[in-house]
Enquirer: 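My structure is below; once you've seen it, I'll send some questions.
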Amino acid sequence: MLKNLVKYDFKWVFKNLIIFIGLGLILSIIGRLLDLIDNSLVFKIITGICEGAAISMLLSAVINALIRTWVRTISNVYGDAGYLTNTLPVKRISHYDSKIITLSISLVVSIIATLIGLLIMYYNENTIDAIKNMFSILESSVNGSVALLIVLGVILIILQFMFIGLCGLNGIVYGYAYNDKKLSKSLVLGVGSYFCFNIVTILVFLFLGIFDDGIKNMFFNANEKVEYTSMIVLLIAGALLYCVYITVLYVLSKKKLDKGINID
């Protein structure tokens, strides 16, 4: 049954995302092709417009993956449709699991599409060199090191947006347990949990700085170069923290849902 729930939720969420993604990738390709035309001010302006519009469309897909999942949760579980949804022979947590799976798939597809669009528009032989120059990388296997940074960075971005999505879903679960001002309370709870967890992240990073001078310099010495190993430590620590936060938010939401829901 969970498979069917995911299918309907994903179809509802993704029908708008595919428009943003499609337009974003098309504009990315057009922008790259026009950029091949040299010595033309008009085409340079058009290229800039296409690239700006492409980035806007692709980022809109990522943002809409979050918003539409939240809206789907409210309308499908707590709105008028909830009277039917909650009478189905399905565990209450299964509806929540479906929203999380839908959110995960939508975010991964949207973020990867955004990265593909950026590569189409801006990748050239100088791209890797520009990334290398951001760090004090001295290893002989520089290319592999940069690849690891990119992979960890992408994973961290996906986990960060998943964390934001779970903050919103958790806020909805607790906010809609009240009898009035449900939406505003959901917003306050979601934003509040987001900032509280991020304060914990900063404290953890500061604690790591006690044992790693590279991390400490990133916080307190802007003139120092970013050390490769310190960046790897921060990326891994950040990814692990987001996994912990996501797990905590899921467990809290599950416990709340097990107590019942309050339909409008």
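All figures in this text were calculated on a predicted structure; none of them were measured in a lab.
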Enquirer: Identify every side-chain donor-acceptor pair in residues 194-210 under 3.5 Å, counting partners at least two apart or on other chains, and give the distances.
Expert:
from: Asn198; atom 1: ND2; to: Tyr194; atom 2: O; distance (Å): 2.8
from: Thr201; atom 1: OG1; to: Phe197; atom 2: O; distance (Å): 3.1
from: Thr201; atom 1: OG1; to: Tyr245; atom 2: OH; distance (Å): 2.9

Enquirer: Could you tell me the separation between the OG1 atom of Thr73 and the CD1 atom of Ile172, rounded to the nearest 0.5 Å?
Expert: 5.0 Å

Enquirer: Same hydrophobic cluster for Val42 and Ile30, using side-chain heavy-atom links shorter than 4.5 Å among ILVMFWY?
Expert: yes

Enquirer: How about Leu103 and Leu166: do any of their side-chain heavy atoms sit closer than 4.5 Å?
Expert: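 Touching, per the 4.5 Å side-chain cut-off.
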
Enquirer: Given side chain to side chain contact (heavy atoms under 4.5 Å, CB included), test Ile74 with Leu183 step by step and report yes or no.
Expert: CA-CA 9 Å; Ile74 293 172; Leu183 184 59; 4.1 Å; yes

Enquirer: Identify every side-chain donor-acceptor pair in residues 186-193 under 3.5 Å, counting partners at least two apart or on other chains, and give the distances.
Expert:
from: Ser186; atom 1: OG; to: Gly171; atom 2: O; distance (Å): 3.3
from: Ser186; atom 1: OG; to: Lys182; atom 2: O; distance (Å): 2.8
from: Ser193; atom 1: OG; to: Leu189; atom 2: O; distance (Å): 3.1
from: Ser193; atom 1: OG; to: Gly190; atom 2: O; distance (Å): 2.8

Enquirer: Which heavy-atom pair separates Gly117 from Leu58 by the least distance, and what is that distance?
Expert: CA-CD1, 3.9 Å

Enquirer: According to side-chain contact (heavy atoms from CB on, under 4.5 Å), who are the partners of Ala53, at least two apart in sequence or on a separate chain?
Expert: Leu27

Enquirer: So how far is it from Leu156 CG to Leu149 CG, rounded to the nearest 0.5 Å?
Expert: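 Reported value, rounded in 0.5 Å steps: 11.5 Å.
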
Enquirer: Side-chain contact, heavy-atom cut-off 4.5 Å: Ile55 with Leu118?
Expert: yes

Enquirer: With rounding to the nearest 0.5 angstrom, report the CG to CD1 distance, Leu152 to Ile236.
Expert: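 Going from the CG atom of Leu152 to the CD1 atom of Ile236 covers 5.5 Å.
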
Enquirer: Do Leu249 and Val251 share a hydrophobic cluster, counting only Ile, Leu, Val, Met, Phe, Trp and Tyr and linking them when any side-chain heavy atoms are less than 4.5 Å apart?
Expert: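 No, Leu249 does not connect to Val251 through the hydrophobic network.
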
Enquirer: With clusters defined by side-chain heavy atoms of hydrophobic residues (ILVMFWY) lying less than 4.5 Å apart, directly or transitively, does Leu148 cluster with Ile158?
Expert: yes

Enquirer: Scan residues 12-62 for pairs that pass ring pair (Phe, Tyr, Trp, His ring centres under 6.0 Å), counting only residues two or more places apart or in two chains.
Expert: Phe10-Phe14

Enquirer: Tell me, please, which residues at least two apart from Asn64 pass side-chain hydrogen bond (donor to acceptor under 3.5 Å, both in side chains).
Expert: none

Enquirer: Suppose the criterion is side-chain hydrogen bond (donor to acceptor under 3.5 Å, both in side chains): which pairs have a residue in residues 235-244, not counting sequence neighbours?
Expert: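 Qualifying pairs: Gln160-Tyr242.
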
Enquirer: Roughly how far apart are Asn4 CG and Ser94 OG, rounded to 0.5 Å?
Expert: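 Going from CG on Asn4 over to OG on Ser94, the span is 11.5 Å.
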
Enquirer: Answer with yes or no whether the hydrophobic clustering places Ile101 together with Tyr8; edges join I, L, V, M, F, W, Y residues whose side-chain heavy atoms lie under 4.5 Å apart.
Expert: no

Enquirer: How long is the span from the SG atom in Cys50 to the CD1 atom in Ile26, to the nearest 0.5 Å?
Expert: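 The CD1 atom of Ile26 is 11.5 Å from SG of Cys50, to the nearest 0.5 Å.
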
Enquirer: Listed by chain and number, what are the salt bridge (Lys or Arg N to Asp or Glu O under 4.0 Å) partners of Lys181, not counting sequence neighbours?
Expert: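 Counting only residues at least two positions away or on another chain, Lys181 forms no salt bridge (Lys or Arg N to Asp or Glu O under 4.0 Å).
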
Enquirer: Test of understanding: with side-chain contact (heavy atoms from CB on, under 4.5 Å), list the residues that count as partners of Ile63, not counting sequence neighbours.
Expert: Ile67

Enquirer: Could you walk me through whether Val173 and Tyr78 pass the side chain to side chain contact (heavy atoms under 4.5 Å, CB included) check?
Expert: CA-CA 9 Å; Val173 169; Tyr78 296 98; 3.9 Å; yes

Enquirer: For Leu66 and Phe161, which heavy atoms make the closest approach, and how far apart are they?
Expert: CD2-O, 3.5 Å

Enquirer: Do the side chains of Val109 and Leu17 get nearer than 4.5 Å, heavy atoms only?
Expert: no

Enquirer: Hey, could you give me each pair passing salt bridge (charged side-chain N to carboxylate O under 4.0 Å, His left out) that has a residue in residues 188-208? Not counting sequence neighbours.
Expert: none

Enquirer: Please answer: with hydrophobic residues joined when any side-chain heavy atoms are less than 4.5 Å apart, are Leu25 and Val62 in the same cluster?
Expert: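 Both belong to a single hydrophobic cluster.
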
Enquirer: Check Arg68 against Val13 and note the closest heavy-atom contact, atom names and distance.
Expert: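 Closest approach of Arg68 to Val13: NE-O, 3.2 Å.
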
Enquirer: Of all the heavy-atom pairs spanning Ser28 and Gly24, show the shortest one and how long it is.
Expert: OG-O, 2.7 Å

Enquirer: For Lys254, which residues count as a side-chain contact (heavy atoms from CB on, under 4.5 Å) partner, sequence neighbours excluded?
Expert: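 With neighbours one apart ignored, the set is Ile93, Tyr250, Asp258.
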
Enquirer: Please check if the number of heavy atoms outside Lys185 that lie under 6.0 Å from its NZ is greater than 12.
Expert: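 Check passes, neighbour count above 12.
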
Enquirer: What verdict does the side chain to side chain contact (heavy atoms under 4.5 Å, CB included) test give for Leu252 and Tyr174, after you've listed the backbone C-alpha separation in whole Å, the side-chain angles of each residue and the deciding distance to 0.1 Å?
Expert: CA-CA 9 Å; Leu252 290 175; Tyr174 279 84; 3.8 Å; yes

Enquirer: Which atoms form the tightest heavy-atom contact between Ile21 and Ala113, and what is the distance?
Expert: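 Taking every non-hydrogen atom into account, CG2-CB, 3.7 Å.
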
Enquirer: Looking at residues at least two apart in the chain, or sitting in another chain, which of them share a side-chain hydrogen bond (donor to acceptor under 3.5 Å, both in side chains) with Asp9?
Expert: Arg72, Ser98, Lys99

Enquirer: What is the minimum heavy-atom distance between Arg32 and Tyr123, and which atoms define it?
Expert: NH2-O, 2.8 Å

Enquirer: Under the rule for salt bridge (Lys or Arg N to Asp or Glu O under 4.0 Å), what residues qualify as partners of Asp35, not counting sequence neighbours?
Expert: Lys44

Enquirer: Output yes when a side-chain donor or acceptor of Ser104 lies under 3.5 Å from a complementary backbone atom of Ile100, and no otherwise.
Expert: yes

Enquirer: Distance from Leu240 atom CG to Leu159 atom CG, nearest 0.5 Å?
Expert: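 Spacing of CG (Leu240) from CG (Leu159) equals 9.0 Å.
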
